[in-house]
Protein chains: 2
Amino acid sequence: MVTIKDVAREAKVSVATVSRALNGSADVTPATRARIERAAARLRYVPMGAARSLVTRRTQAIGALLPDLFGEFFSELIRGIDLAARTHGLHLLVSSSHGDADEAAVALRAMQGRVDGVLIMSPHVDAAFLRKHLADSIPAVLLDSPPREPRRPHVNIDNQGGARAMTQYLLALGHRKIAFIEGPEGNRDARERRRGFEQTIAAHDGAGARYLKGDYSEESGYRAGRALLAGRKLPDAVFAANDMMAIGCLSALNEAGVQVPDQIALAGFDDIPIARYTHPPLTTVHVQIAQLGHAALERLVAQMQTLDTPEADVTTMPCEVVVRASCGSRSKTSGSGKAVQIRKLQ
Amino acid sequence: MVTIKDVAREAKVSVATVSRALNGSADVTPATRARIERAAARLRYVPMGAARSLVTRRTQAIGALLPDLFGEFFSELIRGIDLAARTHGLHLLVSSSHGDADEAAVALRAMQGRVDGVLIMSPHVDAAFLRKHLADSIPAVLLDSPPREPRRPHVNIDNQGGARAMTQYLLALGHRKIAFIEGPEGNRDARERRRGFEQTIAAHDGAGARYLKGDYSEESGYRAGRALLAGRKLPDAVFAANDMMAIGCLSALNEAGVQVPDQIALAGFDDIPIARYTHPPLTTVHVQIAQLGHAALERLVAQMQTLDTPEADVTTMPCEVVVRASCGSRSKTSGSGKAVQIRKLQ
DNA sequence: TTCAGGAATGAAAACGTTTACATTCCGTGC
DNA sequence: GCACGGAATGTAAACGTTTTCATTCCTGAA
């Protein structure tokens, strides 16, 4: 292994000068600097991070503790974090796919002493968990977590705002009786989405709501659709708490020969990749996941720089309504004319 | 910051004993060990990775250098790597989304001195690149890269074998005239897939092939479909080099009222998530991405343990044909009865 | 009682780097 | 010609941990 000493010998200077030349330019003659750089290149010298960290007390790395995430969401989140981290010269230590709190705890502990800060996203994490497994001295930002830990900054998705925006959009289209397919009971996102819908309906004269149980699965959306069809009168619109349920509901409606959006409008939440391929393409709420990661990292860096300020704030990332064809309306029905029929396999 | 010295003082022993007690159990009295553990817990001591690495000359971390990958593929790959890494007590340093060779070079250089080994997947990487930017001493495994660097182990996807298997499957169903929609010119995967198809057709009496240009985009698949429809006689089957093109082709066929699979069979490659939602669900070749990551990490660990053996081998991960409905046949048409029509938005 | 020998623990070196402080060197003003 | 000052470079301490070697302590055999 080639160390700074080897470079020093090769360039006939002291290690201190090598260090100065190779790091930020202190005062070192252009000639010596060039000589040192040549020597370093010739020897293929790469500084050992550990030694550097030991003395600078900085690892130049941040950790990301993530739960078991599905395709799109995970990739985009990491992309957002990674890109932002790179602009700060930070490395990214990833620990993902934690099924339960114990796994998360082990991972979180293992990270400490190797990173300058942590991004934590986990359903298992609460104030007690953090106090137990995370040193107070290490900066951390919580992603998409209930603001139950008042001493740490949070960056959350604005589920409620998104649901509000979508509901307003539906109302603006003239829909009055709207059915809402709920997400799973315990789920916080689901609860917030419902609340956004609820609020908006309550604030709007003449609007009526109906609630159907669901659990985020396509199956449950399908059942909700059947339940609606069984009623004597269809609502004007259906707003599902996520896209999968919207798709399930769409199946039920299609099966019954009910036209979307002509006879009933349909909206989802998440903007999963398939959403643009359904027929009609699904109007839904888009969450900018990469942005979420980006924002979280920036918040963490800010926290790392002002070590003294354990300011605990909550940033919420806005969601936007993506208008496609499933709610009818003035949508720019920009279809290419090509159609694919899709059927669910299982 | 609480160090090992603090723990030593607290437990009234020397730092050496603390180290011994906390690491693998050397010989230390149960009583002292307990005392030390209590002290460490009380003080919330976490060993500093850098200091440890400095003396052990191990970082207990591996790096993953990845290109700009899309949803599913990226998540699964990381999952596979991460899970395998965890079983070895290794941390995972991720650096992704590299657009060009220069970015990859910077990232690769930055990683060195912080990891014990690297997993590299990048279209920009070749032997010259590695020799220039990667120290010989650091173990590395190349993922899904052309085996152009003979001194490093590779773990690749068996594109050729997958294409072969699918072609055999189509032939077994009785299809004889098969059209192949090619991937982009320069693409290695695409070339291998074509080769697998070609070989199998050539080896089969009475089989005939026809080749259509494509570039992996849905659009190009649609064009290929139109081209087929323009001919005087449809082939028995179409095998697209990826799912997106298969879906594009399906659009064209649907539009023309051609029934899939009754009038023509259709197969894809990749098994992207949407593949199971098309109508009919798409028979395709599944790549076990998580397994790929897993295998690559295991190979890297092996390489790291036997430092002296720079054995350069190529592991290929098998692909498997996933039978759905788009090729007709004895497929277990296990549809749930629910159908979603899908249309492409843009 | 003495001493050998082994088990538990301590002292200190080493790891590669940064950086405060010391040293050298050179030019400039007197 | 000398002292002074500043720029360039060198010396050595420090970072927190592991580990080799030394030391202490205890047990049991002679």
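Lettering of chains follows the sequences in order, A, B, ..., and the numbering in each one begins at 1. Note: hydrogens, waters and symmetry copies are ignored here, and every other heavy atom, side chains too, is used. Note that the coordinates shown come from a computational prediction; the quantities given were computed from them, not determined experimentally.
Per the geometry, CE belonging to B:Met48 stands 15 Å off P belonging to C:dT17, to the nearest Å. Rounded to an integer number of Å, the gap from B:Met1 CE to D:dG16 P is 7 Å. Rounded to whole Å, the distance from CZ on B:Arg52 to P on C:dG16 is 18 Å. Distance, B:Arg114 CZ to C:dC15 C1': 17 Å, rounded to whole Å. Going from atom OH of A:Tyr45 over to atom C1' of C:dT17 covers 7 Å, rounded to whole Å. Atom P of nucleotide C:dG10 and atom NZ of B:Lys5 are separated by 15 Å, given to the nearest angstrom. At whole-Å resolution of the value, CZ in B:Arg58 and P in D:dT18 are 15 Å apart. The CD1-C1' distance, from B:Ile4 to D:dT17, rounds to 6 Å in whole Å.
In this structure, the side chains of B:Leu77 and B:Met121 come closer than 4.5 Å at one or more pairs of heavy atoms.
Comparing C:dT9, D:dT9, C:dC15 by their closest approach to the side chain of A:Thr17 singles out D:dT9. Checking C:dC15, C:dT17, C:dT18 against every side-chain atom of A:Thr3, the shortest atom distance belongs to C:dT17. For A:Ser14, counting side-chain heavy atoms from C-beta on, the closest listed nucleotide (C:dG16, D:dG10, D:dG16) is D:dG10.
Here B:Ser19 lies in heavy-atom contact (under 4.0 Å) with a base.
Residues A:Pro47 and B:Ala16 each lie close to DNA chain C; by heavy-atom proximity, the contact nearer the 5' end of the strand is made by B:Ala16. Nearer the 5' end of DNA chain C, as judged by each residue's closest nucleotide, is the contact made by B:Arg35, out of B:Arg35 and B:Arg57. Comparing A:Thr32 and A:Val15 along DNA chain D, the residue whose closest nucleotide (by nearest heavy atom) sits nearer the 5' end is A:Thr32.
If you check distances only, the side chain of B:Arg20 does reach the base of C:dG10 with a donor-acceptor pair under 3.5 Å.
Salt bridge annotation for A:Asp82-A:Arg79: absent, with no cationic side-chain nitrogen under 4.0 angstrom from a carboxylate oxygen.
For D:dT9, the OP1/OP2 oxygens have a side-chain nitrogen or oxygen of A:Thr29 closer than 4.0 Å.
A:Ile81 pairs with exactly one of A:Leu297, A:Leu90, A:Leu292 by the side chain to side chain contact (heavy atoms under 4.5 Å, CB included) rule, that one being A:Leu297. Screening B:Val141, B:Leu108, B:Leu300, B:Asp144 against B:Ile120 for a side chain to side chain contact (heavy atoms under 4.5 Å, CB included) leaves a single residue, B:Leu108.
Judged by distance alone, the side chain of B:Arg114 and the main-chain N or O of A:His91 form no donor-acceptor pair under 3.5 Å.
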